[in-house]
Amino acid sequence: MAKSIVSAVLEKLSSLLMIPGEIKHNFELALALEEGMGKVIAHFQDIQSVLQDAESKQVKDANVRNWLKKLKDVAYDVDDVLDEWNSEKLKSQIEKEQKEARNFPLLKKMRNSISSFTFQTILYYKIASKLNGVNEQLDSIATEKDRYKLGLEKVVEEPRRLITASFIDDEEVYGRCQETEILVNMLAAENSSGGGLKLPVISIMGMGGIGKTTLAQLVYNHSDVECHFDKRIWICVSDPFNEIRIAKEILEAFKGESSNLVGKDDILQEIRSHVSGKKVLLVLDDVWSEDATRWEQLKTSLKHCSPGSRILITTRNEKVAIIMGTTSPNLFLLNTLSLEECRSLLSRRAYYGRTREESENLDDIGWKIAEKCQGLPLAAKILGGLLRFKRTREQWQNVLDSEMWDFEEAEQDLFPPLFLSYYELPSALKQCISYCAVFPKGMILRKDELIKLWMAQDYLKGVRCEEMEIVGEEYFDELHMRSFFQDFRGDELDSDIIKYKMHDLIHDFLLVLMKTECVMLVNHDSEELKLDLSCERARYGTLIRKEAAPTEPNIFRFRKLRSLLIDSSYHDTSSLRLYLPRLFDQLTCLRTLNLSNGLFRNSIEELPDEIGKLVHLRYLNLKNNKKLKELPESLCGLCNLQTLNLKWCDSLKELPCGIGKIINLRHLENDQTNLSLMAIPKGIGRLTNLQTLSLFVVTSNSDTSSLEDLQNLIHLRGLLKISGLGAVCDVTEAEKAELENKKGLRTLILDFTISKGLMSNRWQRDDGRLLEALRPPPYLEELEIWWYSSPTISANWMMGLTKLSHVSLGYCLHLKSLPPLGKLPSLESLYIGGRSRVEKVSVEFLGVEREEILAPSSSLESPSSSVIAFPSLKHFEFEFFDLEEWEDWVPLTSREEHISIMPRLCSLTINSCPKLKALPCYVLHNTSLKQLNISQSPILSERCRKETGEDWLKISHIPSIMIDSVRIQVNCSSVEEFGVLQFQPLHSSSLSSNFSQN
């Protein structure tokens, strides 16, 4: 990680070699700055050449580890100085532009200019002084470098790699029976075609220590595999991938003796002749190389073996598996052992030589220690071997209570395999994964949030002018493919959001790597926090507040922190208000600050002005601070701020007026503030780097932002909700917003209320013209329209949204007919709710043209050319509140029966439609329907009564039927397969809140 930091600092220094023009006349100051920077660059360039050697030696050599720590400390300090310099230059530029725009009198401009010049001169003197101090430290570090005989990168000692063989003792293996059976079937079963490939490649993939080699050995030695193949060959590949060595070993396996051949072509030709006509199994264990060219020629020489031949590889990296030719069906992701299997493996070693009584006395602790292994076989073996020599319960309890890194055995045997995975990472990825040591063990991680945290630490410097977020996506995916992250589960409210975890042992390993840089503080039972003095220069900190007070002040000792995550899961943030002014005043190196609240109603009510001192701050998370009413203007001086998270700050009335000065802001996450936030300040249009603006509030007040201010925000992506559209009188404002040019938008919510849901005189406005002017980009995936007041929705652009998968129409009070949504080819979920004046749902709703209706089925060329309405719809919900008008859902006539309608529909909900007479036949007879829910619709409820209802026989095939909250039919297997449906519109929270106000 030191290499990454030094490289980043060198890059920044190179960009600052030009001495600022405003101080060039001050020869002494200019010379001091130039000499200071030049000397720092020379030092770092000299040290950079030995860093890779030092990082590999730090695992075994404590002196080298300490030397790297000193180097990183200095590099961090230099980075802070340079960032302070850049920040002041940027603030000066912003202030200059604002003063010019204000058109001050000449005398006042001169005074401001003199004041600014004096301030900058003082600043540059401070920077020159700091650089001088840094160079003194670097002189000492350079001398130590020579003392430790750190070599150049070309003589770097690589980590030790184990050489494996095919032999295995079955008695030492627990579990893996099912995995073995699956893989044996993939390799040897006669009906296993290998996906139709000539020579299928099957990959066992998983993190280090999970048992990939053991499983491959079990499969290799299985009797069915032995009988199936004419020749089995085991090669330990490791790294580097030496294709000549591998080819020679394959040839020697056939000949039974060493080969004298030297040339690559001669070796491959002889392999080709030996494999011809033979059914071969080649196992390549521990493959690391991502260079496809090294593998292609060797694989070509193997393709002349007979059908049924297989290649089995083990790897930690999904990318390697793909490069080697593995297809998705042949990628076998190896999971951890069950707790029972892990305990059996641990017990075999731990209880060796003990009496039954001794073992039973230790059994309860043994189970807990097995849990500590988190299903990793290597950990179970190592801890089992350690416990074999612990005789008493007290000693076993000590093992249970200790962290994994406290054991010498873990350092010698468990962490080296993990270090191999780390060592193979590019330097940029090393710092990204190392940062994850700051999270509490077992924490669930969200990909998008982690990327923002990496971005705040300046880890995502892209090439080819890529967006930092795109670079972060690539880095995360790479680490995920290399098994550093594990899939956890989908988000409850959004299945597209995947959450991730790190295995506990990977987290332990990262804590060892970051031992002096990362500090985890837990205040508990009002005890004083025990602090390690060697960590006082830590850069990354987490404070877990198990007690509200009084231990927070201890955090002030860590003045060099660049990241501080305050965990308020146990106590709300209100007690922090006493400490925040001092925290902002002293921890001025912070780039990341998480002050998010837990699920508590109480919270901090304001941020102190001192937050303006955090000049390096790039990430500020205030999520769930439900009593936070306003933000100080001093926040607008944080010109480096990239992410401001205000989600669920639902008492926040306004944003600071100067928000337009935070010109590096990329993510303003203000969703769920719509019931409190009154307006968006003028100046938001200057934030041209914005990618996230969750909520934009329109008002009739000329002192606040209008739709036109969205024009220059062309990088907006993801979700945008525009509320208060009822206040828009001039349609040209909407046209100037140019939503169509914001190609990254995927979800658009249009709320036609006035502020706070007021509806006065709304029917006098033409919302239809306004909606037409708000044309979204063509790749929109989700659209919601609320409180729309025109009788029809006829926006020309709507049917052109071919990627649209979700539509919600809510509280469209004057709507008399539904738009032809059946034309949308990708629509999967449809919500129509609230109140409206719809009396009839007719064939026009299906989006079928008149010519298609009249076309006889005989004129259709083939079944594939049949007319299909709602071809992708899966979930459909009508949820009205006393919809008195709707009586008819018009069925198809005999001339229209060739039309296929909702062929993929899974769930249908009808709520509060008291006059609706019947469901159409194309719904009743729909064989794909798995869930039907009818409530507060008495006519329908009666028709669908079990056994007695007029429509019962037509719907009895549906697995799950609920009438007025009573489940009258459940087919367990079908419901289990379908899953429990919790369908709600994205914007459903506003439905109930707005309804209660009207």
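As a basis for the values below, the full set of heavy atoms in this structure was taken, side chains included, without hydrogen atoms, waters or symmetry mates. Source: prediction; values computed, not measured.
Side-chain contact between F439 and L450 is present, with at least one heavy-atom pair separated by less than 4.5 Å. In this structure the side chain of L725 never reaches within 4.5 angstrom of the side chain of W787, judged on heavy atoms. Side-chain contact between Y459 and L453: absent, with no pair of heavy atoms (C-beta onward) separated by less than 4.5 Å. A 4.5 Å side-chain heavy-atom check between L631 and I659 finds every atom pair outside the cut-off. With contacts defined as side-chain heavy-atom distances shorter than 4.5 Å, the pair V438/T592 does not qualify. Side-chain contact between E84 and H616: present, with at least one pair of heavy atoms (C-beta onward) separated by less than 4.5 Å. Residues L693 and L687 form no side-chain contact, since every pair of their non-hydrogen atoms from C-beta on lies 4.5 Å or further apart. Annotation: side chain of I451 is in contact with side chain of E473 (closest heavy-atom distance under 4.5 Å).
Between the SG atom of C589 and the CG atom of L617 there is a distance of 11.5 Å, given to the nearest 0.5 Å. Taking CE of M502 as the reference point, atom CZ of F485 lies at 6.0 Å (rounded to 0.5 Å). How far CE of M514 is from OH of Y435: 9.5 Å, rounded to the nearest 0.5 Å. Summarising the geometry, atom CG belonging to N624 is positioned 7.5 Å from atom SG belonging to C649; distances are rounded to the nearest 0.5 Å. To the nearest 0.5 Å, atom OG1 of residue T753 and atom CG of residue N674 are 8.5 Å apart. For the atom pair CG of D671 and CG of L695, the computed distance is 8.0 Å after rounding to the nearest 0.5 Å.
Scanning all heavy atoms of the two residues, the minimum distance from E669 to S694 falls at CA-OG, 3.7 Å. Considering every non-hydrogen atom in both S603 and K626, the closest pair reads OG-N, 3.2 Å. For the residue pair V9 and A75, the shortest heavy atom distance occurs at CG2-O, 3.5 Å. Closest of all the heavy-atom pairs between A727 and S700 is CB-N, 3.9 Å. What you find for L614 and T588 is that their closest heavy atoms are CD2-CA, 3.9 Å. Considering every non-hydrogen atom in both L635 and I662, the closest pair reads O-CD1, 3.9 Å.
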Exercise. Determine, step by step, whether N640 and S87 satisfy the side-chain hydrogen bond (donor to acceptor under 3.5 Å, both in side chains) criterion, reporting the C-alpha distance in whole Å, the side-chain angles of both residues, the deciding distance to 0.1 Å, and the verdict.
Key: CA-CA 7 Å; N640 291 306; S87 300; 2.6 Å; yes
Practice problem: In sequence, state the C-alpha distance, the side-chain angles, and the governing distance for L82 and V78, and then conclude on side-chain contact (heavy atoms from CB on, under 4.5 Å). | Solution: CA-CA 6 Å; L82 299 181; V78 173; 4.0 Å; yes
Exercise. Show your working on side-chain contact (heavy atoms from CB on, under 4.5 Å) between L595 and L580 and close with a plain yes or no.
Key: CA-CA 10 Å; L595 293 172; L580 289 181; 4.1 Å; yes
Exercise. Take L429 and F484 through the test side-chain contact (heavy atoms from CB on, under 4.5 Å) and record every step on the way to the result.
Key: CA-CA 11 Å; L429 267 64; F484 282 95; over 6 Å; no
Quiz item: Could you go step by step and tell me if M678 and V697 meet the side-chain contact (heavy atoms from CB on, under 4.5 Å) rule?
Solution: CA-CA 7 Å; M678 303 296 294; V697 183; over 6 Å; no
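Side-chain atoms of N645 never come within 3.5 Å of backbone atoms of K623 as a donor-acceptor pair (strictly under, hydrogens ignored). Looking at S427, its side chain never comes within 3.5 Å of a backbone N or O of S4 through a donor-acceptor pair. When atom types are taken as modelled, the side chain of K89 and the backbone of W85 share no donor-acceptor pair closer than 3.5 angstrom. Between the side chain of S676 and the backbone N or O of L652, at least one donor-acceptor pair lies under 3.5 Å. In this structure a side-chain-to-backbone donor-acceptor pair under 3.5 Å is present from K742 to L710. The backbone N or O of E740 lies less than 3.5 Å from no partner atom in the side chain of R775, so there is not a single donor-acceptor pair.
Classification of E449 and K452 as a salt-bridged pair holds, one side-chain N sitting under 4.0 Å from a carboxylate O. Salt bridge annotation for R601-D650: present, with a cationic side-chain nitrogen under 4.0 angstrom from a carboxylate oxygen. Here D79 pairs with R562 in a salt bridge; the nearest charged N to carboxylate O distance falls below 4.0 Å. Salt-bridge formation is not detected for the pair E517/R539: no Lys NZ or Arg NE/NH1/NH2 atom is positioned less than 4.0 Å from an Asp or Glu carboxylate oxygen. Salt-bridge check for K736 with D730: failed, with every basic side-chain N at 4.0 Å or more from each acidic carboxylate O. Between R618 and D83 there is a salt bridge, since a side-chain N of the basic residue sits under 4.0 Å from a carboxylate O of the acidic one.
Taking the ring centroids of Y500 and F476, they lie under the 6.0 Å cut-off.
Judged by distance alone, the side chains of T692 and H667 do bring a donor and an acceptor atom under 3.5 Å apart. Side chains of T573 and N625: a donor on one and an acceptor on the other come within 3.5 Å. Between the side chains of R559 and Q586, at least one donor N or O sits under 3.5 Å from an acceptor N or O. When only modelled atom types and interatomic distance are considered, E467 and Q691 share a side-chain donor-acceptor pair under 3.5 Å.
With respect to N621, the side-chain contact (heavy atoms from CB on, under 4.5 Å) criterion is satisfied by exactly one of N594, I566, L565: N594. Each of S575, S574, S568 was checked for a side-chain hydrogen bond (donor to acceptor under 3.5 Å, both in side chains) with D572, and the lone residue meeting it is S574.
Counting non-hydrogen atoms of neighbouring residues, nucleotides and ligands closer than 6.0 angstrom, the NZ atom of K629 reaches no more than 12 such neighbours. More than 12 heavy atoms of other residues, nucleotides or ligands lie within 6.0 Å of NZ in K447, so this atom counts as buried by the packing criterion.
Judged as a side chain to side chain donor-acceptor pair (under 3.5 Å), and not counting sequence neighbours, the contacts of T704 are T699. With sequence neighbours left out, the side chain to side chain donor-acceptor pair (under 3.5 Å) criterion links S7 to Q48.
Between F556 and Y579, the ring planes are tilted. Angles from 30° to 60° get that label.
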